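Here is the structure we will look at, set down as structure tokens.
Here the structure is a predicted model, which means the values were calculated and not measured.
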Amino acid sequence: MLKLTFIADTHHYSKTLGTTGRQYELRSGSDQKCLAETGDIIDAAFKQIADSDTQAVLIAGDVSNDGEMVSHLEFRKKLYELKKKKPVYLITATHDWCCDRNPRRFNGDTVTNDVEVMPSYKLPEFYSDFGLNRSIAHYITHIGTCSYVLQLSKNVRLLALNDDKNGNDGAGFTPEHFDWIEKQIKKAADDNCILIGMEHHLLTPHISPLITGGGTCVAEREYVASRLADARLKYMFVGHSHIQNTTDYKSPSGNVIKEVNVGSLCGYPSPIVNVTVFDDGKIYYEVDHLKSFRLDGEMIDAQTFLANHATQLVHRVIECRDKNEFADRMTALQTNGGKIAKLFFIVEPVLKFVGEKTVIEAYSFLKHFGISHFISLSLIMPFRNKKIMDIVDEILLSALDGSRTVYKRESDYYKMIMEFVSIPSKIFKKNTDFKKLIFAVDAILTGGRFDNQKGYL
């Protein structure tokens, strides 16, 4: 029996890059995960892990905020401290070499890019003490990053994959890299070893393609997932989406690969995924969470702090009553804020409605436009005074934490939300995205097909 711990997306940010000013506030307030607090959160999580009975710690990429050299240096120092208690193995990902070429330093109300960053080809040597130096096989990619195989115990191996680029500027693997991967999978089988995969990007959408499709997954995701499954890789642990969720993928040939998406350690709910590998090949996972951390000398309840940080991301936009503020907030969310702000005269009433109204007021609004027949009045009455924003918060947190609070389909609360969510699909019957939205919200409320908190893979 072997006990492992998976974490992901630490995104460590050095406070030397600035923690105050308008631009920092916009950047920090536009992200589900924390920024200045990352060092404190990582320290507390590493201590919690060090005090556990796990036998190795595995980190699934995006260890730095945006590839800043100073962030890497600080993070590696933390790794060496943890390594005194537990072996630590990691892969890097695109944020670790600043793939967007936009490293930022915040100074008052200005942002500058005078930040030294880590080139991709230097990452393997920089983190060589955390995987590569103990590997039994490795592969250097065309951008200089590294995949490797590690013997974790007599009969358990780790296949640590760097999937930053597939040769066509998408996440994934070049043909040569894929050939190497398949050889490692076959060799593990020949050696009677249980093989556990770890990469950064998802192989298949979790919850819904509306939420974790596109660039959240590897490019050509069905081809990649099918090829890995048909090679008989059974387990994959990933990061990137910052959500906690478990799913599987069945190839056209009928082979299944189970995938655990590990949420961001420095964002709600700060998941720490404990995995037990049994000698008979069965794998059991159970999600723990960071309990507390020290911030500015005060002990903070981690779950309350991180949940508030995540929901405030939405609240800051909803509460905008100024066109320029709205534009800045939307730009910080990496959208075309200036273009969207031109419609602020339409958007503002919607924001105000969502931010201030209750369920019964939403029903009255629908009744005014003659579409309240889609909603059962008797069903919503127990929730009539519940704020719409409270429901939005609950759905957001459920999406991030893997439905720690499960809303059963037979419950009135579930039925009430689904009646509201189904309205657009009933009005715009030909719009398939609205139908996909129904399935997405259902998966968020119920947790989907798997228990995202614990279970056998």
Side-chain angles (χ1 to χ4, degrees), residues 5 7-21 23-24 27-28 31 33-50 56-107 111-135 138 140-141 143-146 148 160 162 164 200 239-240 264-267 270 290 293-296:
T5 294
I7 58 175
D9 295 87
T10 52
H11 286 279
H12 176 58
Y13 174 81
S14 172
K15 293 180 181 179
T16 64
L17 298 170
T19 60
T20 60
Q23 292 304 316
Y24 171 81
R27 171 68 184 87
S28 177
D31 205 330
K33 59 179 173 53
C34 294
L35 201 58
E37 299 87 356
T38 54
D40 302 296
I41 292 169
I42 292 166
D43 287 343
F46 279 7
K47 184 180 186 308
Q48 186 171 316
I49 294 169
V57 184
L58 310 172
I59 307 177
D62 275 359
V63 298
S64 75
N65 174 60
D66 210 8
E68 310 95 344
M69 185 65 75
V70 64
S71 296
H72 276 298
L73 288 167
E74 291 178 4
F75 183 71
R76 187 174 65 172
K77 185 176 180 181
K78 297 177 187 298
L79 290 175
Y80 277 121
E81 285 299 310
L82 177 59
K83 192 172 182 287
K84 293 176 182 178
K85 297 287 187 70
K86 308 287 181 182
V88 185
Y89 310 113
L90 62 79
I91 54 171
T92 57
T94 49
H95 269 272
D96 298 319
W97 49 277
C98 195
C99 68
D100 63 0
R101 300 179 182 179
N102 186 31
R104 282 158 285 188
R105 185 189 305 278
F106 301 95
N107 185 9
V111 180
T112 60
N113 301 114
D114 58 330
V115 181
E116 182 184 4
V117 296
M118 176 77 74
S120 59
Y121 62 87
K122 287 189 177 182
L123 284 165
E125 176 60 29
F126 187 84
Y127 287 110
S128 60
D129 285 340
F130 303 98
L132 182 59
N133 282 351
R134 280 202 54 206
S135 66
H138 72 273
I140 301 299
T141 73
I143 62 170
T145 53
C146 182
Y148 62 89
N162 188 293
D164 287 352
H200 187 64
H240 190 56
S264 171
L265 183 71
C266 291
S270 192
L290 178 63
F293 66 99
R294 189 170 294 279
L295 183 64
D296 298 328

Considering only heavy atoms from C-beta outward, does the side chain of [X] approach that of [Y] to under 4.5 Å?
{"X": "Val57", "Y": "Phe46", "result": "no"}
{"X": "Leu90", "Y": "Tyr127", "result": "yes"}
{"X": "Ile143", "Y": "Asp164", "result": "yes"}
{"X": "Ser71", "Y": "Leu17", "result": "yes"}
{"X": "Leu73", "Y": "Phe126", "result": "yes"}
{"X": "Met118", "Y": "Asp96", "result": "no"}
{"X": "Trp97", "Y": "Tyr121", "result": "no"}
{"X": "Asn102", "Y": "Asn113", "result": "yes"}

Looking at [X] and [Y], what are the two nearest heavy atoms and their distance?
{"X": "Val117", "Y": "Pro119", "result": "O-CD, 3.5 Å"}
{"X": "Tyr24", "Y": "Gly18", "result": "CD1-O, 3.5 Å"}
{"X": "Thr38", "Y": "Thr10", "result": "CG2-O, 4.0 Å"}
{"X": "Thr145", "Y": "Ser120", "result": "CG2-O, 3.8 Å"}

Distance from [X] atom [atom1] to [Y] atom [atom2], nearest 0.5 Å?
{"X": "Gln48", "Y": "Leu290", "atom1": "CD", "atom2": "CG", "result": "5.5 Å"}
{"X": "Arg134", "Y": "Leu132", "atom1": "CZ", "atom2": "CG", "result": "12.0 Å"}
{"X": "Arg105", "Y": "Ser14", "atom1": "CZ", "atom2": "OG", "result": "8.5 Å"}
{"X": "Ile7", "Y": "Ile42", "atom1": "CD1", "atom2": "CD1", "result": "8.0 Å"}

Quiz prompt | Partners meeting salt bridge (Lys or Arg N to Asp or Glu O under 4.0 Å) with Asp66 (sequence neighbours left out) | solution = Arg104
Practice problem: Just jot down the salt bridge (Lys or Arg N to Asp or Glu O under 4.0 Å) partners of Lys47, sequence neighbours excluded, or say none. | Solution: Asp51
Exercise. Could you label the plane-to-plane angle of the His11 and His95 rings as parallel, tilted or perpendicular, counting under 30° as parallel and over 60° as perpendicular?
Key: perpendicular
Can any side-chain N or O of [X] pair as donor or acceptor with the backbone N or O of [Y] at less than 3.5 Å?
{"X": "Asp40", "Y": "Leu295", "value": "no"}
{"X": "His200", "Y": "Asn162", "value": "no"}
{"X": "Thr19", "Y": "Ala36", "value": "no"}
{"X": "Ser270", "Y": "Gly267", "value": "no"}

Can [X] and [Y] be counted as an ion pair, charged N to O under 4.0 angstrom?
{"X": "Lys122", "Y": "Glu125", "value": "no"}
{"X": "Asp9", "Y": "Lys33", "value": "no"}
{"X": "Lys78", "Y": "Asp43", "value": "yes"}

Quiz item: Between Tyr80 and Phe75, is the ring centre distance below 6.0 Å?
Solution: no
Quiz item: Is the charged tip of Arg27 near the ring of Phe106: under 6.0 Å from the six-membered ring centre and within 45° of its axis?
Solution: no
Quiz prompt | Option passing side chain to side chain contact (heavy atoms under 4.5 Å, CB included) with Thr92 (candidates Ile59, Leu123, Asp62) | solution = Leu123
Quiz item: More than 12 non-hydrogen atoms from neighbouring residues, nucleotides or ligands closer than 6.0 Å to CG on Asp296, yes or no?
Solution: no
Quiz item: Any chance NZ of Lys86 has more than 12 other-residue heavy atoms, nucleotides or ligands included, within less than 6.0 Å?
Solution: yes
